[in-house]
Amino acid sequence: MPQPDPQLRELTVKSVFLGLFLAFVFGAANAYLGMKAGQTVAATIPAAVIAMALFRIPAFRGGLLEQNIARTAASVGEALVAGAIFTLPAFLLVEIDGQKLWADLRGHYWQGVVILLAGGLAGIFFIILLRRALCVDAGLPFPESVASYEIVKAGQESGDAPRLVFGGMAFGGLIQILKSDKGLQLFREYTEGFIAFPRSVVRHFDFSKTPIGSVTHQGGIPWSTPALSPALIGIGYIIGPELASINVAGGFLAWWVLIPLLLFFDPDLATRIGGAGHDVAAYTLWYNIVRPIAVGMMLVGAANTMFSMRKSIAESLLGAFRASAKSTHAGGEVPRTERDIPTKWVLLCILALLVPVTAIYYGFTGGLGTAVGTALVMGAAGFLLSAVGGYLVGLVGSSNQPLSGLTLSALILSALLMQAMGVKGAAGVAAVLGVAAVVAVAVSVSGSLIQDLKAGHLLGGTPWKMQVVEILAVILLSVFLMGPIIALHEANLSTGGIGGRALPAPQAGLMAQLAKGIVSGDMAWGLLAIGAAFGVALLLCGARAMMLIAVGMYLPFDTSSAIFLGGLIKWVADKVMTSYGPELKLKAEEAGTLLASGLIAGEAVVGILLAVLFLTGVSSITHVFTGTDQFSWFPAWGGWLSWLPMAAIAWILIRVPMRRSGQ
């Protein structure tokens, strides 16, 4: 009997178990990182690298499609925990009349599990319906999917492709060690400051030009260097100068226009908020004023994205029905690489999920009609935002997906519903957070899955097998991940637990504040309206990728400018290669993509390893060697020294591809 081709083995026991193990590891590590620093490390690329390395061991040897399955399962851990830590701790942080919604997490373990399970499965089912529209028809760059694909492909090929990828990984990992406060920190990740405006006197007058008073203004511009991040620079290189420029345009709009304008007209803000410096005033303006404006833009962008994708989405849904029927009635003639879980089963599962979701919302609100309405809003908002989130992942990768902004959109929609239904107080806030939590998990998981499905599409994987392993991973991880979150909270009760000094959980704190503010009527709706109006104006002007502009406003400037730096390096590389013939230019571009992919993977893998090292009790590698967490010279010289590795990254991404092409 002929044996199957090893390269076609896919959904095997070892691939599933390896993927689940990595998912547990990445999920636990990211639970701490997310609540400590408000960010997580994407698992798709490091999972691809680890799977590729392990499957090369003779006793554990596996094919390319098995590696793809392991990577797909592994990415669920980071995706689930990202949605969980942005919202579930908010139940601990909200106080109504002196009483917290949840006194602890241990007593609400199963509620948390149901939220994770419902959100994770909903995200999978939503994105199955949109797979072809986003992966095939939309023509998106999917930078991290391409990076993952290039890494796996390089591991299967001979020649210098593996050397380029693993060389990039080594260099990216080295820089991560030398710039992380958990590593051997020699370089400052970014430097920031404040350029003060000279004092200005504005003399005001009425309609007849009669003076009515003078006001002295000052303010200034908060500035930041691009982050020394091989991953962000690599992403910018892959998406190219055009999209990177649009993204940083939002950053300039936020940090060089809106915030200086607000500071100029309110020069006493720093004094009124407790005598803080201008840098703190600029930060709080960005966090509390500019980001809600960006969210208003995202709401308009979400509606516009869905409208612009209406034909593709409709064709995708119809195609899914036809493919399902064809597979059922014509003996499975649909190509293997286009077979999804049958659409009828997906729709039935979505309807079935509404039952437990309605039950948990009934527990929050105490009203059946309110619970049903809230569940329906969750379903509609979840599908809309999963589609938009998946689209953004295709543009900038899951690492830069504005998950908290999309979650905030769901929170606002559910809060409006609670106000319309007259549900106030603790029940209203709990229902709002319940919708936000399920949607956050759904958007996070759907973004991860669409990235995995795109990488699988490039590798020739079978979609339905990837979807099945993702479902299995969500079910098991939903039960597991509440454990590390509860443990972290209870282990840090001396500093306030989640929301305290050790685990500030910034996104959850924002969600708690907004949910309470909206339900109580204190929400700054004007800022959302301003953002929506600005979004409409950009659409009328024909602005390119308005959603990406809003994302740039929502990100710290060091992040968006680092992505732009990568795009700028790609632009310089393209200019240098203008005189190349088509074949040489293609070779150089492939080499650049491989190097950028390696840089992304190197930072991600080492970031995970440093997080695990930190969880073992080692505060930093610097502390191991010196007894302190920082060299004495670092405050003065760390920022200046960071320009050396920045220049080295640029040189490598320009010069090495040229040498590979023989120039």
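What's counted below: heavy atoms across the whole structure, side chains too, no hydrogens, waters or symmetry copies. Source: prediction; values computed, not measured.
A perpendicular orientation is assigned to the rings of H217 and H204, their planes being inclined by more than 60° (bins at 30° and 60°). Ring pair W633/F631 is parallel by interplanar angle, where below 30° counts as parallel and above 60° as perpendicular.
Contact annotation: the side chain of L186 never approaches that of W637 to less than 4.5 Å [non-hydrogen atoms, C-beta and beyond]. Annotation: side chain of Y283 is not in contact with side chain of P222 (no heavy-atom distance under 4.5 Å). By the 4.5 Å heavy-atom criterion applied to side chains, I259 and L263 are counted as neighbours. Side-chain contact between L258 and F534 is absent, with no heavy atoms from C-beta onward closer than 4.5 Å. Under the 4.5 Å side-chain criterion, counting only non-hydrogen atoms from C-beta, I569 is in contact with I654. Counting heavy atoms from C-beta on, the side chains of R199 and T216 come closer than 4.5 Å. Side-chain contact check for I233 versus L653: some heavy-atom pair is nearer than 4.5 Å. In this structure, the side chains of D629 and D181 stay at 4.5 Å or more apart for every pair of heavy atoms.
The number of heavy-atom neighbours closer than 6.0 Å to OH of Y190, taken from other residues, nucleotides and ligands shown, is 12 or below.
In this structure, W256 contributes its side chain and G251 its backbone to no donor-acceptor pair below 3.5 Å. Remark: the backbone N or O of T284 is paired with a side-chain donor or acceptor of N288 at under 3.5 angstrom. Using a distance-only test at 3.5 Å, with no hydrogens or angles considered, no donor-acceptor pair links the side chain of S180 to the main chain of Q185. With hydrogens and angles disregarded, no donor-acceptor distance shorter than 3.5 Å links the side chain of S224 to the backbone of F557.
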Please walk me through it: do F197 and I221 pass side chain to side chain contact (heavy atoms under 4.5 Å, CB included)?
CA-CA 8 Å; F197 292 150; I221 297 175; 3.6 Å; yes
Could you walk me through whether L540 and V536 satisfy the side chain to side chain contact (heavy atoms under 4.5 Å, CB included) test, starting with their C-alpha distance in whole Å, then the side-chain angles of each, then the deciding distance to 0.1 Å, before giving a yes or no?
CA-CA 6 Å; L540 294 176; V536 171; 4.1 Å; yes
Decide side chain to side chain contact (heavy atoms under 4.5 Å, CB included) for T559 and L232; before the verdict, give the C-alpha distance in whole Å, the side-chain angles of both, and the deciding distance to 0.1 Å.
CA-CA 7 Å; T559 299; L232 293 175; 3.9 Å; yes
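Residues that satisfy the ring pair (Phe, Tyr, Trp, His ring centres under 6.0 Å) test with F564, not counting sequence neighbours, are absent from this structure. In this view, S208 and D206, T210 satisfy the side-chain hydrogen bond (donor to acceptor under 3.5 Å, both in side chains) rule, not counting sequence neighbours.
G531 and M297 make their closest contact through O-CG, 3.1 Å (heavy atoms, listed as atom of the first residue, atom of the second, distance). Listed here is the closest heavy atom pair of A244 and G236: CB-O, 4.5 Å. The minimum heavy-atom distance between F171 and A648, with the atom names listed, is CZ-CB, 3.7 Å. Among all heavy-atom pairs drawn from P635 and S632, the shortest one is CD-O, 3.5 Å. When all heavy atoms are compared, the tightest approach of P657 to I652 is CD-O, 3.3 Å. Between S214 and R203, the shortest heavy-atom distance links the atoms OG-CG, 3.4 Å.
With rounding to the nearest 0.5 Å, the separation of CG in L178 from CD1 in I621 is 9.0 Å. For the atom pair L174 CG and Q176 CD, the distance stands at 10.5 Å (nearest 0.5 Å). To the nearest 0.5 Å, atoms CD1 (I549) and OG (S245) are separated by 11.5 Å. From D558, atom CG reaches atom CD1 of I563 across 10.0 Å, with rounding to the nearest 0.5 Å. We find the CG-CG distance between L253 and L538 to be 8.0 Å, quoted to the nearest 0.5 Å. For the atom pair OH (Y237) and CG (L599), the distance works out to 10.0 Å, reported to the nearest 0.5 Å.
With M646 as the partner, the side-chain contact (heavy atoms from CB on, under 4.5 Å) test is satisfied by one option alone out of L565, T225, I175: L565.
Within the structure, every pair that satisfies the salt bridge (Lys or Arg N to Asp or Glu O under 4.0 Å) test and touches residues 235-244, not counting sequence neighbours, is listed here: E242-R544.
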